[in-house]
Amino acid sequence: MSLQNDLTQKVIEAVKQLYQVDLPTVEFQPTRKDFEGDLTVVVFPMLRYIKGNPVQIGTQIGEYLQEHVEEVAKCNVVQGFLNIVIEERYYLNFFNSIKDEVDFGYVKTPSKGATMVEYSSPNTNKPLHLGHIRNNLLGYSVAEILKASGKKVYKAQIINDRGIHICKSMLAWQKFGEGETPESSGMKGDHLVGKYYVAFDKAYKEQIAKLVEDGTPKDKAEKEAPILLEAQEMLRKWEAGDAEVVSLWKMMNGWVYEGFDITYKNLGVDFDKLYYESDTYLLGRDVVKDGLERGVFFKKEDGSVWIDLTEDGLDEKIVLRSDGTAVYMTQDIGTAIQRVTDFPDINGMVYTVGNEQDYHFKVLFLILKKLGYSWAEKLYHLSYGMVDLPSGKMKSREGTVVDADDLIQNMEETAEAISKELGKLDGYSEEEKQKLYRTIGLGALKYYILKVDPKKRILFNPEESVDFQGNTGPFIQYTYARIQSILRKADDVSTAIEVTIQLHEKEKELLKQIQLFPETIQLAAENYSPALIANYTYDLVKEFNSFYQQVSILGETDGQKKNFRVQLSRKVGEVIQSAFRLLGIEVPERM
RNA sequence: GGCCUCGUAGUUCAAUGGAUAGAAUAGAAGUUUCCUAAACUUUAGAUGCAAGUUCGAUUCUUGCCGAGGCUACCA
């Protein structure tokens with residue numbers, strides 16, 4: 001269907017005719033800008049099948065293509081590269097076929113089965129920070145990309161709402177809080193709870209210091225500090241269902257959820273399904289027992305249950321403690337199975353979790369495979385690098401974190417300052433302006449994070465603000481706003497474009513770039529990589545700005561050409577919007 | 001120690017084994033009586049080191065150097 005597929009067939013045909021050889025594949029790449037041509041066939045790989053001079057072979061294939069393929073205008077050969085010039089008519093026909101398509105590039109008929117994308121997965125003892133922002137943006141964006149590539153997607157979040165960490169906040173609040181609430185303090189709920197998490201740590205450290213001073217060894221002091229023992233006691237009470245502890249737990253978690261909701265709303269992310277660890281932490285034990293009977297696991301003398309993964313190059317891994325209680329792995333096994341029970345059409349899952357857990361997920365996926373679940377083949381750990389500060393790792397307990405809410409607000413303020421300086425917003429109401437600052441500020445932040453390959457770690461320097469110029473979100477948003485400005489002034493009539501008009505070099509480049517959008521979405525989906533979408537959009541926009549600078553759109557006197565340029569601009573705008581939607585970034589009408 | 005990631009211009013990022021390694025930013029120099037100058041144009045600057053495989057290596061293999069992570073009957 002696509003030209004490239006068509007040409008592949010023709011090249012194979014040509015080689016068969018010319019050399020009586022069957023070629024398995026043909027390698028194409030876009031022609032480099034320094035050479036004449038649109039598509040390039042790499043001749044070198046063919047030398048394995050055809051003996052001879054690459055230049056000569058390329059020339060002969062080129063001649064064959066010119067004769068037998070309508071769209072091929074001419075060819076030239078440089079070294080082992082056969083550059084093909086495509087007829088302009090082809091590009092204009094292509095444009096006519098897609099120019100009025102809504103959501104061009106998205107696959108609209110979902111394939112069978114669904115993918116669950118898990119992301120965010122916060123602990124409920126502290127507010128979200130920059131690391132969570134990366135997680136949220138990646139997870140949300142990958143979910144949107146998968147949808148656009150034709151998959152049904154469930155977005156899920158597992159909330160780590162139980163455990164020693166939340167007991168620490170609860171205990172500190174009980175001891176030092178004096179009944180403080182989000183209402184009484186005016187603090188966002190998650191920040192308030194986080195404050196007591198820090199307070200716990202402070203008290204804990206003081207107690208350790210005191211114990212050490214009195215002659216207790218440090219490691220012993222760390223285990224025996226009274227406040228830690230109290231927190232552990234509180235966890236035991238929680239597990240036993242102690243009414244008082246449970247109601248405190250509910251109240252404080254409630255505060256945190258209210259806070260999270262605001263942050264999620266500001267970030268523009270959402271979920272189809274929430275899982276709470278307090279509901280799922282007991283899952284998995286039955287599966288382990290069953291697996292034990294089937295010989296997938298084995299029992300050690302002390303009664304603990306393990307799996308031997310040494311044949312797969314990994315270690316032995318515990319899946320059930322000697323007292324029969326679950327470990328993290330047990331829970332994750334159970335939760336995975338629970339999800340498929342909840343959504344039977346799931347045939348794949350994506351876990352958005354930092355790369356520090358690479359090993360854990362490798363083991364988890366392997367165990368699920370060994371247990372024989374068909375969907376275990378299609379599990380993917382969307383592993384991303386940490387966000388580090390110049391001073392090192394962020395640590396909530398020590399307060400060296402870039403808080404998510406602060407950062408978002410900061411970005412908005414920067415956007416506001418720049419906008420005011422440029423002063424282009426006459427006629428906008430204060431409300432419209434505020435909305436715009438948010439769009440731009442978040443656009444800068446989201447693009448900054450998503451354009452980077454997920455697996456690389458990001459070094460974030462809070463001293464140097466995120467850029468608003470160059471390869472940035474606002475740069476792309478600006479281009480979109482400019483296009484909208486043109487469209488407001490033009491009478492865009494969506495008539496068919498004459499395929500005989502002469503294309504400007506920049507127009508042809510733009511058409512080529514637009515044509516790449518559908519395959520870019522597929523590629524991004526296959527690689528779980530929003531960065532590919534970001535880079536694609538940047539290339540498109542850069543090309544458009546160059547076009548905008550060199551070619552007059554509204555000033556064009558030839559009506560046919562003007563009509564084409566207006567419609568081309570509109571389409572570029574639509575692709576920008578579609579691409580940015582996949583990144584969770586909004587586009588403004590003006591800026 | 002073992003295992004896993006990552007090392008590309010001063011800085012932040014690109015490059016299905018392909019042509020002269022692309023951008024942005026910071027630096028230098030230009031473009032506004034004309035559709036939004038958050039733009040455009042020009043300029044200088046980089047593959048950690050050493051072997052190997054290949055017609056061809058930033059990409060694959062091995063070793064070394066450097067950064068980070070995992071290696072809990074914690075989650």
Side-chain angles (χ1 to χ4, degrees), chain A residues 27-29 31-35 40 42-45 47-48 54 78-81 83 121 123 160 162-165 277 281 300 302-306 313-315 318-329 331-332 354-360 362 383 385-386 388 392-393 415 418-419 421-422 424 440 444 448 451-453 455-461 464 466-479 481-490 523 526-527 531-532 534-535 538-539 541-542 544-556 565-566 569 590-591:
Chain A
E27 194 175 323
F28 281 96
Q29 57 182 268
T31 305
R32 287 183 67 107
K33 292 239 161 70
D34 335 326
F35 301 96
T40 295
V42 188
V43 181
F44 291 112
L47 297 179
R48 288 170 55 194
V78 181
Q79 295 175 20
F81 299 92
N83 301 321
S121 311
N123 289 346
N160 302 306
R162 50 140 252 132
I164 191 74
H165 49 83
E277 200 200 339
Y281 81 108
K300 286 199 177 175
D302 61 7
S304 57
V305 179
W306 297 69
L314 304 173
D315 300 327
I318 189 160
V319 290
L320 214 53
R321 289 194 188 101
S322 49
D323 63 6
T325 55
V327 293
Y328 182 33
M329 190 62 75
Q331 253 183 70
D332 269 8
N355 63 10
E356 60 206 350
Q357 297 200 35
D358 284 356
Y359 184 73
H360 173 78
K362 220 182 205 175
S383 163
M386 296 289 106
D388 290 330
K393 217 177 165 179
I418 295 174
S419 293
E421 200 178 322
L422 293 172
K424 298 189 201 173
I440 297 171
Y448 172 82
K451 77 169 180 186
V452 182
D453 185 331
K455 65 176 179 291
K456 293 196 176 175
R457 55 192 275 258
I458 291 183
L459 187 70
F460 183 85
N461 188 347
E464 298 169 19
V466 174
D467 266 331
F468 284 68
Q469 268 155 9
N471 185 359
T472 66
F475 168 81
I476 291 166
Q477 290 172 323
Y478 173 69
T479 304
R482 253 178 168 187
I483 290 172
Q484 300 319 302
S485 172
I486 288 179
L487 296 180
R488 280 191 295 269
K489 289 173 186 167
L523 207 59
E526 281 163 28
N527 291 291
L532 295 178
N535 289 331
Y538 176 67
D539 289 339
V541 162
K542 196 148 175 52
F544 182 84
N545 280 334
S546 180
F547 160 76
Y548 179 91
Q549 196 73 20
Q550 284 188 33
V551 179
S552 181
I553 298 166
L554 298 176
E556 174 58 49
R565 286 176 189 169
V566 169
S569 302
R590 285 175 59 180
M591 69 184 274

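Per chain, numbering begins at 1; letters A, B, ... match sequence-line order.
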Notebook entry, point to check: Mapping A:Gln331 and A:Val78 to their closest nucleotides on RNA chain B, which lands nearer the 5' end?
Noted result: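 Between the two, 5'-proximity favours A:Val78.
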Starting at the 5' end of RNA chain B, which residue's closest nucleotide do you reach first, A:Asn83 or A:Tyr478?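 The answer here is A:Asn83.
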What distance, rounded to whole Å, do you find between the two [atom1] atoms, one in [N] and one in [M]?
N     : M     : atom1 : value
B:A57 : B:G52 : C1'   : 11 Å
B:U58 : B:U47 : P     : 11 Å
B:A44 : B:A23 : P     : 12 Å
B:G56 : B:C64 : C1'   : 26 Å
B:A24 : B:U5  : C1'   : 26 Å
B:G17 : B:U53 : C1'   : 11 Å
B:A46 : B:G22 : P     : 12 Å
B:U41 : B:G48 : P     : 29 Å

What nucleic acid atoms does [X] come within less than 4.0 Å of, heavy atoms only: base, sugar-phosphate, or nothing?
X        : answer
A:Asn545 : sugar-phosphate
A:Phe547 : nothing
A:Tyr548 : base
A:Met386 : nothing
A:Asp453 : sugar-phosphate
A:Val305 : nothing
A:Ile440 : base
A:Arg32  : base
A:Pro54  : nothing
A:Ala531 : nothing
A:Glu277 : sugar-phosphate

Nearest to the side chain of [X], which nucleotide is it out of [options]?
X        : options             : answer
A:Leu532 : B:C70, B:A15, B:A75 : B:A15
A:Thr40  : B:C35, B:A38, B:A19 : B:A19
A:Phe475 : B:A75, B:A67, B:C40 : B:C40
A:Ala481 : B:A19, B:C13, B:U36 : B:U36
A:Asp34  : B:U36, B:A14, B:U20 : B:U20
A:Asn535 : B:U36, B:A14, B:C40 : B:A14
A:Lys362 : B:A75, B:C4, B:C40  : B:C4

What is the pairing partner of [N], taking Watson-Crick or G-U wobble pairs with both distances under 3.5 Å in any strand?
N     : value
B:U54 : none
B:C35 : none
B:C49 : B:G63
B:U11 : B:A24
B:G30 : B:C40
B:G1  : B:U71

### Task
Measure from the ring center of A:Phe547 to the ring center of A:Phe544 and say whether it is less than 6.0 Å.
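Yes: the rings meet the under 6.0 Å criterion.
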Base of B:G18 and ring of A:Phe81 stacked, centres under 5.5 Å, planes under 30°: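 By the stated criterion, A:Phe81 and B:G18 do not stack.
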- Could you tell me whether the side-chain ring of A:Tyr538 sits stacked on the base of B:A23, using a centroid cut-off under 5.5 Å and a plane angle under 30°?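 According to the criterion (under 5.5 Å, under 30°), no, A:Tyr538 does not stack.
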Rounded to the nearest angstrom, tell me the gap between atom [atom1] in [X] and atom [atom2] in [N].
X        : N     : atom1 : atom2 : answer
A:Met591 : B:A37 : CE    : P     : 12 Å
A:Tyr281 : B:A75 : OH    : P     : 11 Å
A:Arg48  : B:G56 : CZ    : P     : 15 Å
A:Gln484 : B:U36 : CD    : P     : 12 Å
A:Gln549 : B:U31 : CD    : P     : 13 Å
A:Lys489 : B:C34 : NZ    : P     : 11 Å
A:Ile553 : B:C34 : CD1   : P     : 16 Å
A:Lys542 : B:C40 : NZ    : C1'   : 8 Å

According to a strict under-4.0 Å criterion, is [X] in side-chain N/O contact with OP1 or OP2 of [N]?
X        : N     : answer
A:Thr479 : B:A38 : no
A:Ser546 : B:C40 : no
A:Lys456 : B:G7  : yes
A:Arg162 : B:C74 : no
A:Arg482 : B:A37 : yes

If we ignore angles and hydrogens, is there a donor and acceptor under 3.5 Å between the side chains of A:Asp332 and A:His360?
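Side chains of A:Asp332 and A:His360: pair found under 3.5 Å.
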pair [X]-[Y]: side-chain heavy atoms closer than 4.5 Å:
X        : Y        : value
A:Phe81  : A:Val43  : no
A:Tyr548 : A:Ile483 : no
A:Thr472 : A:Tyr478 : no
A:Asn545 : A:Arg482 : yes

Does [Y] offer a backbone N or O that forms a donor-acceptor pair with the side chain of [X] under 3.5 Å?
X        : Y        : answer
A:Ser419 : A:Ala415 : yes
A:Asp467 : A:Gln469 : no
A:Ser546 : A:Lys542 : no

Discussion item. One pair to check against side-chain contact (heavy atoms from CB on, under 4.5 Å): A:Thr40 and A:Phe35. What are the steps and the verdict?
Written reply: CA-CA 10 Å; A:Thr40 295; A:Phe35 301 96; over 6 Å; no
Exercise. Would you state whether a donor and an acceptor, one from the side chain of A:Lys455 and one from the base of B:U5, lie under 3.5 Å apart?
Key: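 Flag unset: no donor-acceptor pair detected.
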**OP:** Using only heavy-atom distances, decide whether a donor-acceptor pair under 3.5 angstrom links the side-chain of A:Thr472 to the base of B:A38.
**Re:**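 Under the 3.5 Å cut-off, the side chain and the base do not form any donor-acceptor pair.
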